[in-house]
Participant: 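Please read through the structure below; I'll follow up with questions.
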Protein chains: 2
Amino acid sequence: MPAEDVHPVAPQCGDCPIRHRAVCARCEADELDLLEESKYYRSFEAGQTVIWSGDRMDFVASVVSGIATLTQTLEDGRTQMVGLLLPSDFVGRPGRETAAYNVTATTDIVMCCFRKKPFEEIMLRTPHIAQRLLEMTLDELDAAREWMLLLGRKTAREKIASLLAIVARRDAAIHLRYPEGTMTFDLPLTREAMADYLGLTLETVSRQISALKRDGVIELEGKRHVTVPDFDRLMSEAGDDSDGGFLP
Amino acid sequence: MPAEDVHPVAPQCGDCPIRHRAVCARCEADELDLLEESKYYRSFEAGQTVIWSGDRMDFVASVVSGIATLTQTLEDGRTQMVGLLLPSDFVGRPGRETAAYNVTATTDIVMCCFRKKPFEEIMLRTPHIAQRLLEMTLDELDAAREWMLLLGRKTAREKIASLLAIVARRDAAIHLRYPEGTMTFDLPLTREAMADYLGLTLETVSRQISALKRDGVIELEGKRHVTVPDFDRLMSEAGDDSDGGFLP
DNA sequence: CGTTCTCTTGAAATCACTCAATTTATGTGG
DNA sequence: CCACATAAATTGAGTGATTTCAAGAGAACG
């Protein structure tokens with residue numbers, strides 16, 4: 001099997017699983033037809049690099065399924081995750097030639113791509129796309145700023161608790177539940193990826209997860225399957241207000 | 001003199017100093033006329049809070065002159081700056097009821113405000129505004145992600161050097177110079193504000209500035225006036241590539 | 001069954017923080 | 001103009017959280 005597959009079957013936009021949340025969410029049928037013409041699917045295997053920072057990038061894309069990360073690095077190799085791409089999230093910037101971040105598939109991933117030029121032209125003619133993209137970008141900016149508070153001011157324990165709370169909430173949202181009481185979910189990230197997300201070393205991540213387990217804040221089954229007996233307790237460990245914002 | 005003045009003289013948009021960089025940058029004359037109708041100026045004194053996180057916010061605004069900060073805080077008072085508002089920057093989010101951050105004037109500041117409802121309606125009809133706002137938001141997102149790398153992975157010394165480099169570059173851009181060789185500028189922030197920006201304590205900021213001075217990376221005249229004898233040296237202290245991005 | 005990758009745990013070192021005292025700059029009222 | 005108060009910044013000593021370096025356990029895979 002090839003590591004990167006350029007032409008998996010691309011379904012009709014009408015049948016697309018991310019149709020109602022992606023950059024095309026507000027498009028009318030005729031607007032979808034325009035997009036349909038210049039779209040193509042690409043898939044990547046877990047661990048593969050989708051694009052390197054600085055490389056020429058002549059497409060933009062929506063994540064259809066799977067998870068990818070955006071990371072930045074310093075010369076000496078220190079790396080910081082700066083974004084997490086989930087299904088329906090958008091990659092790339094209209095009007096920019098080169099990629100600003102490394103994009104890496106952490107699971108097998110399928111992306112719905114549009115060549116940049118045609119996409120930019122379509123965007124000029126269909127305000128619905130630009131409107132939705134603005135909305136998504138503003139949401140990302142809010143998320144980035146929440147993350148900055150975490151990186152700059154939270155302790156290692158609070159960082160871990162915050163990440164667990166984010167994943168728990170997102171999982172609840174997917175299953176249309178309200179985040180409270182006992183919650184169970186799988187961590188979609190390795191310890192190393194968690195460390196890159198949180199600005200910690202992987203050893204510290206491991207230690208703090210052990211500590212939260214020892215203190216009864218979480219229970220573990222294997223390395224990845226987490227049970228949170230009391231979501232409010234987790235939230236207070238995260239240092240946030242219990243009324244904290246939602247990331248649906 | 002009142003601390004907050006609701007009706008200073010608002011000049012015609014055509015004479016506006018931030019006309020070519022603000023959210024209205026791409027507007028045609030007739031589009032400006034629309035904005036002109038619902039705009040009003042407000043000014044705040046240095047140190048004043050413009051708006052509290054969570055408060056109802058029924059306007060959006062552009063900074064005309066002065067500097068303000070966006071900050072987030074944890075319950076116990078730890079605070080992290082998440083944005084720095086300079087002239088032409090935009091505050092507020094169309095389609096949102098309440099403020100997501102504390103906005104504080106760090107110098108005397110003048111803002112060009114629009115009531116939210118009318119602004120949203122104008123935005124629907126004039127794609128030029130939405131286009132420009134998207135562009136500005138994408139720029140802010142890039143800046144936030146650069147900042148995340150700093151917060152998560154840089155040492156205290158690198159953080160200080162990075163901040164000095166940012167201010168130096170911005171100052172150079174204002175004076176239409178290329179950032180290189182010897183540069184001189186004023187710090188627009190107190191040590192405490194720098195600490196909130198960098199995710200450090202003010203004592204650490206003070207110590208690292210002293211260290212950079214001792215090592216000849218910078219020279220100080222008073223507390224705020226900085227000379228950088230060798231910009232490349234400063235850049236390498238910041239841990240970035242010397243080709244680092246611009247924040248004009 | 002060995003190899004590899006992920007994760008955990010321990011011990012020592014380091015970086016930044018906390019607490020505390022002092023200096024410098026700025027402003028105010030007598 | 002001086003004395004005093006206040007705010008901003010510096011510096012020192014000690015502590016503590018996180019990293020670094022190192023070793024080993026557990027799971028996955030050919």
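As a basis for the values below, the full set of heavy atoms in this structure was taken, side chains included, without hydrogen atoms, waters or symmetry mates. Residue numbers begin at 1 in each chain, while the letters A, B, ... track the order of the sequences.
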Participant: Indicate yes or no: does B:Asp240 engage B:Lys154 in a salt bridge with an N to O separation below 4.0 Å.
Facilitator: yes
Participant: Hey, which sits more toward the 5' end of DNA chain C by its nearest nucleotide, A:Lys213 or A:Arg153?
Facilitator: A:Lys213
Participant: Once you round it to whole Å, what is the distance between P of D:dT20 and CD of A:Glu192?
Facilitator: 13 Å
Participant: Decide yes or no for A:Val82 and A:Thr71: does some side-chain heavy atom of the first lie under 4.5 Å from some side-chain heavy atom of the second?
Facilitator: no
Participant: Let me check the geometry of the helix from C:dC1-D:dG30 to C:dG30-D:dC1. What is the bend angle between the axes at its two ends, five pairs each, to 10°?
Facilitator: 30°
Participant: Quick check against the 3.5 Å criterion: does A:Arg153 have a side-chain atom that pairs as donor or acceptor with the backbone of B:Arg78?
Facilitator: no
Participant: What is the distance, rounded to the nearest whole Å, between atom CG of B:Asp186 and atom P of D:dA8?
Facilitator: 17 Å
Participant: Any side-chain to backbone donor/acceptor pair from A:Ser53 onto A:Ala100? Under 3.5 Å, distance only.
Facilitator: yes
Participant: If every non-hydrogen atom of A:Ile51 is compared with every non-hydrogen atom of A:Arg56, which pair is closest and at what distance?
Facilitator: CD1-O, 3.7 Å
Participant: Within this structure, what is the CD1-CD1 distance for the pair B:Ile209 and B:Ile160, rounded to the nearest 0.5 Å?
Facilitator: 5.0 Å
Participant: Can you tell me how far P of C:dC17 sits from CG of B:Leu198, to the nearest Å?
Facilitator: 10 Å
Participant: Test A:Gln208 against A:Met194 for side chain to side chain contact (heavy atoms under 4.5 Å, CB included), laying out the working first.
Facilitator: CA-CA 12 Å; A:Gln208 294 298 335; A:Met194 293 173 71; over 6 Å; no
Participant: Locate the shortest heavy-atom distance separating A:Leu151 from A:Lys159; write the atom from each residue and the value.
Facilitator: O-NZ, 3.7 Å
Participant: State whether the side chain of A:Gln80 and the backbone N or O of A:Tyr197 hold a donor-acceptor pair below 3.5 Å, judged by distance alone.
Facilitator: yes
Participant: For nucleotides 21-27 of chain D, give me every protein contact, N/O to N/O, under 3.5 Å, one pair per line with atom names.
Facilitator:
residue : atom : partner  : partner atom : Å
D:dC21  : N4   : A:Glu203 : OE2          : 3.3

Participant: Take atom NE2 of B:His225 and atom P of C:dA25, then tell me their distance rounded to the nearest Å.
Facilitator: 16 Å
Participant: Please check this pair: side chain of B:Thr106 against backbone of B:Ile67, looking for a donor-acceptor N/O pair closer than 3.5 Å.
Facilitator: yes
Participant: Given atom CG of A:Leu202 and atom P of D:dT20, what is their separation to the nearest angstrom?
Facilitator: 10 Å
Participant: Give the rounded distance in Å between these two atoms: CZ of A:Arg224 and P of C:dC7.
Facilitator: 5 Å
Participant: Tell me what B:Ser206 touches on the nucleic acid: a base, only sugar-phosphate, or nothing, going by heavy atoms under 4.0 Å.
Facilitator: base
Participant: Can you give me the N/O atom pairs linking the protein to nucleotides 15-18 of chain D at distances under 3.5 Å, or say none if there are none?
Facilitator:
residue : atom : partner  : partner atom : Å
D:dT18  : OP1  : A:Ala156 : N            : 2.7

Participant: Set out, in order, the CA-CA distance, both residues' side-chain angles and the distance that settles side chain to side chain contact (heavy atoms under 4.5 Å, CB included) for B:Thr184 and B:Asp171, then state yes or no.
Facilitator: CA-CA 9 Å; B:Thr184 295; B:Asp171 189 76; over 6 Å; no
Participant: In whole angstrom, what separates B:Leu212's CG from D:dA9's P?
Facilitator: 16 Å
Participant: Taking any heavy-atom pair under 4.0 Å as a contact, classify A:Arg78: base, sugar-phosphate, or nothing.
Facilitator: nothing
Participant: One thing to verify: whether A:Glu203 and A:Arg207 come together as a salt bridge, which I'm taking to mean a side-chain N less than 4.0 angstrom from a carboxylate O.
Facilitator: no
Participant: By the 4.0 Å heavy-atom rule, please label A:Thr190 as base, sugar-phosphate, or nothing.
Facilitator: sugar-phosphate
Participant: In whole Å, what is the span from the CE atom of A:Met194 to the C1' atom of C:dT8?
Facilitator: 14 Å
